[in-house]
Protein chains: 2
Amino acid sequence: MTVTETHRPLTLLPAGSVACMTCGARSASVCNAVEERDLRLLEGAAEKIRIAPGAPFMVEGAPADCFFNITSGTARLVKLLPDGRRQVTGFADAGRFLGLAATERFGFGAEAIDAVTACRFSRKRLRGLIDDVPLLERRLLASASSELAAAQEQLLLLGRKTALERVASFLLERQAALPVCRGGDETVSLPMGRGDIADYLGLTIETISRTLGMLKTRGCIAVDKASEIRIRLPARMRALAAGED
Amino acid sequence: MTVTETHRPLTLLPAGSVACMTCGARSASVCNAVEERDLRLLEGAAEKIRIAPGAPFMVEGAPADCFFNITSGTARLVKLLPDGRRQVTGFADAGRFLGLAATERFGFGAEAIDAVTACRFSRKRLRGLIDDVPLLERRLLASASSELAAAQEQLLLLGRKTALERVASFLLERQAALPVCRGGDETVSLPMGRGDIADYLGLTIETISRTLGMLKTRGCIAVDKASEIRIRLPARMRALAAGED
DNA sequence: CGACGTGTTGAAAGCTATCAAACTTAGTGG
DNA sequence: CCACTAAGTTTGATAGCTTTCAACACGTCG
């Protein structure tokens with residue numbers, strides 16, 4: 001899929017001060033390395049921002065002078081080829097920390113899918129925070145390890161799985177990503193469009209659609225709203241995702 | 001490619017004591033976080049091992065109770081599907097630290113390609129070492145960030161690049177990986193076989209061979225020994241790798 | 001109501017995989 | 001030293017999965 005869309009000029013809107021105490025994403029993020037009595041340190045180092053659906057807030061190749069912690073919504077992480085081909089390297093939900101870079105520049109871009117709110121830290125301030133809260137570095141390492149494992153799993157998917165296996169894997173992954181989802185555990189909500197899924201799975205929009213249709217025909221899933229899918233045969237799906245058929 | 005080979009029973013041979021002072025891989029590894037006067041700490045925490053060509057030394061899914069630091073040779077990192085399909089998630093050269101896992105078990109396996117020597121640390125000893133040398137944690141984080149960036153680049157390759165672009169990217173990556181290679185900067189040595197390259201690039205042995213043949217025909221490379229390739233038109237290769245043609 | 005973005009469905013083309021065989025290299029033993 | 005063997009690599013023909021191109025359906029919104 002090639003990228004042609006133009007996006008809104010307003011990408012980052014200040015949205016009030018940071019309130020870690022009441023932040024729903026804190027327990028799921030690296031911020032939980034900071035004890036409650038030290039939360040003021042955290043609040044002082046960050047600013048809250050709001051990103052409109054579709055808008056980018058990290059640009060691949062731009063100087064990596066800040067970091068983000070998603071507090072609500074979902075973002076897509078993207079890498080581009082010069083001719084416009086796009087790879088979505090991941091989806092970032094609430095609690096995800098973004099921007100750790102070994103180099104001076106971001107290795108990937110990030111764009112809001114639905115309405116996203118996030119905390120932004122400057123590079124310098126994060127450094128200071130790490131010096132004050134050594135545990136933070138340990139959490140960042142754990143977070144990076146976890147992301148690395150996820151990326152390697154995705155390498156296996158992209159390198160060796162069929163379209164059916166990829167789509168089944170994706171749905172299960174999204175199901176697991178959702179924190180105690182409402183409406184029954186079998187419901188998977190998909191804020192991203194088919195194009196995002198296609199670019200995440202190394203396929204095309206049409207193949208995503210066809211494969212979902214096949215899963216529906218087989219009775220593995222039910223597609224209610226295109227953005228809401230129910231997994232009806234979890235065991236069958238797990239077998240498909242692993243290529244055991 | 002499916003895996004059928006059986007491997008040698010002897011995978012790990014003690015090979016004398018650890019001598020960090022004279023270790024050629026130290027400067028390129030996380031070990032350089034340890035100052036010279038503290039190297040005895042490092043030596044006490046590790047043991048030197050030797051792995052025969054083809055032999056595995058980390059098994060995917062096995063308890064992650066130890067870590068490795070490659071000191072010479074090259075290893076392949078592999079993930080498997082139940083039916084034997086294989087993805088090589090990376091190649092580990094001298095200086096590479098292996099085994100950081102967010103979970104209790106290794107997310108991938110590692111096998112020696114040529115003769116490999118490495119230092120092995122137990123999980124507990126590494127923890128102690130990190131407590132003694134806080135800088136080590138920072139280096140591990142930098143190392144993980146760097147690996148993550150590499151993995152994301154590989155996601156782009158596997159998801160969106162053509163066979164020609166993948167092979168060109170691979171050769172350039174290998175060239176960059178070599179530390180000041182002898183025999184002219186244009187020579188790339190490939191200790192891994194075509195099967196490993198295929199499983200790394202999400203292709204087949206035949207496609208690797210055909211694509212290398214095409215690059216040779218176009219004058220981009222010269223294939224001397226199948227394990228030794230010279231890049232004759234670096235600019236052209238970089239353009240191919242980025243898909244700019 | 002019609003335009004538009006998004007998603008679905010259909011037919012044909014293309015790239016890579018699969019199957020098969022020839023070739024090369026390295027190692028072994030006569 | 002050379003024949004022999006085995007593994008790895010290259011080359012060729014065919015098949016298959018996914019892409020591409022195209023048309024249609026659906027829902028939203030002006």
Side-chain angles (χ1 to χ4, degrees), chain A residues 1-8 53-54 83-87 113-114 157-168 190-217 221-229 240 243 245, chain B residues 1-8 53-54 76 81 83-87 113-114 157-168 190-217 221-229 240 243 245:
Chain A
M1 183 193 195
T2 58
V3 179
T4 54
E5 79 178 289
T6 59
H7 45 70
R8 298 142 197 79
D83 66 0
R85 277 175 289 175
R86 188 178 78 151
Q87 178 66 33
I113 289 175
D114 46 17
L157 181 148
L158 291 174
R160 288 303 179 219
K161 288 187 181 180
T162 66
L164 185 59
E165 290 159 2
R166 295 183 198 197
V167 172
L190 303 173
M192 68 295 289
R194 297 291 188 265
D196 289 336
I197 300 175
D199 286 345
Y200 181 56
L201 299 180
L203 299 170
T204 60
I205 293 179
E206 294 92 328
T207 299
I208 300 298
S209 185
R210 268 186 264 271
T211 307
L212 286 173
M214 176 175 294
L215 286 170
K216 191 167 63 174
T217 299
I221 64 172
V223 182
D224 299 330
K225 272 184 49 196
S227 67
E228 209 146 284
I229 286 177
L240 282 175
D245 271 278
Chain B
M1 184 195 196
T2 58
V3 179
T4 55
E5 77 178 292
T6 59
H7 45 70
R8 296 144 198 77
R76 58 175 170 256
L81 286 172
D83 66 0
R85 277 175 288 174
R86 188 178 77 149
Q87 179 66 33
I113 289 174
D114 47 17
L157 181 149
L158 291 175
R160 288 304 180 219
K161 288 188 182 179
T162 67
L164 186 58
E165 290 159 3
R166 295 183 197 195
V167 172
L190 303 173
M192 69 294 290
R194 296 292 187 266
D196 290 335
I197 300 175
D199 286 344
Y200 180 56
L201 299 181
L203 300 169
T204 61
I205 294 179
E206 294 92 328
T207 298
I208 300 298
S209 185
R210 268 186 263 272
T211 306
L212 286 173
M214 176 176 294
L215 286 172
K216 191 166 65 173
T217 299
I221 64 172
V223 182
D224 299 331
K225 274 184 49 196
S227 68
E228 208 145 285
I229 285 177
L240 282 175
D245 272 277

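In the text below, chain A, chain B and the rest are named by the order of the sequence lines, each starting its count at 1. Reckoned from all heavy atoms, side chains included, excluding hydrogens, waters and symmetry mates.
- You'll find that the side chain of A/Leu203 is closest to D/dT19, out of C/dA17, C/dT9, D/dT19.
- Looking at A/Arg210, its side chain has no donor and acceptor atom pair within 3.5 Å of the base of C/dG7.
- Looking only at distances, a side-chain donor or acceptor of B/Arg166 sits under 3.5 Å from a matching main-chain atom of B/Lys161.
- Although no hydrogens or angles enter the test, the distance criterion places a donor-acceptor pair under 3.5 Å between the side chain of A/Asp83 and the main chain of A/Arg85.
- Between the CZ atom of B/Arg160 and the P atom of D/dT20 there is a distance of 8 Å, given to the nearest Å.
- Counting to the nearest Å, the C1' atom of D/dT10 and the CD1 atom of B/Ile197 are 14 Å from each other.
- In this structure, A/Leu201 atom CG and D/dC17 atom C1' are separated by 16 Å, rounded to whole Å.
- In this structure, CZ of B/Arg85 is placed 12 Å from P of D/dC17, rounded to the nearest angstrom.
- When the side-chain nitrogen and oxygen atoms of A/Thr204 are compared with OP1 and OP2 of D/dT19, one or more of them lie within a distance under 4.0 Å.
- Rounding to whole angstrom units, CG of residue A/Leu212 and C1' of C/dG7 are separated by 10 Å.
- Residue A/Arg194 places no side-chain atom within donor-acceptor reach of the base of C/dG5, judged by atom type and a 3.5 Å distance cut-off alone.
- If you measure from atom CG of A/Asp199 to atom P of C/dT6, you get 13 Å, rounded to the nearest angstrom.
- One interatomic measurement links the two molecules: CD1 of A/Ile205 to C1' of D/dT18, which rounds to 14 Å at whole-angstrom precision.
- Expressed to the nearest 0.5 Å, how far OG1 of A/Thr207 lies from CD1 of A/Ile197 amounts to 12.5 Å.
- Residue B/Asp196 contributes atom CG, which lies 12 Å from atom C1' of D/dG8 at whole-angstrom precision.
- Comparing A/Leu164 and A/Glu206 along DNA chain D, the residue whose closest nucleotide (by nearest heavy atom) sits nearer the 5' end is A/Leu164.
- Counting only distance, with no hydrogens or angles, the side chain of B/Gln87 and the backbone of B/Tyr200 share a donor-acceptor pair below 3.5 Å.
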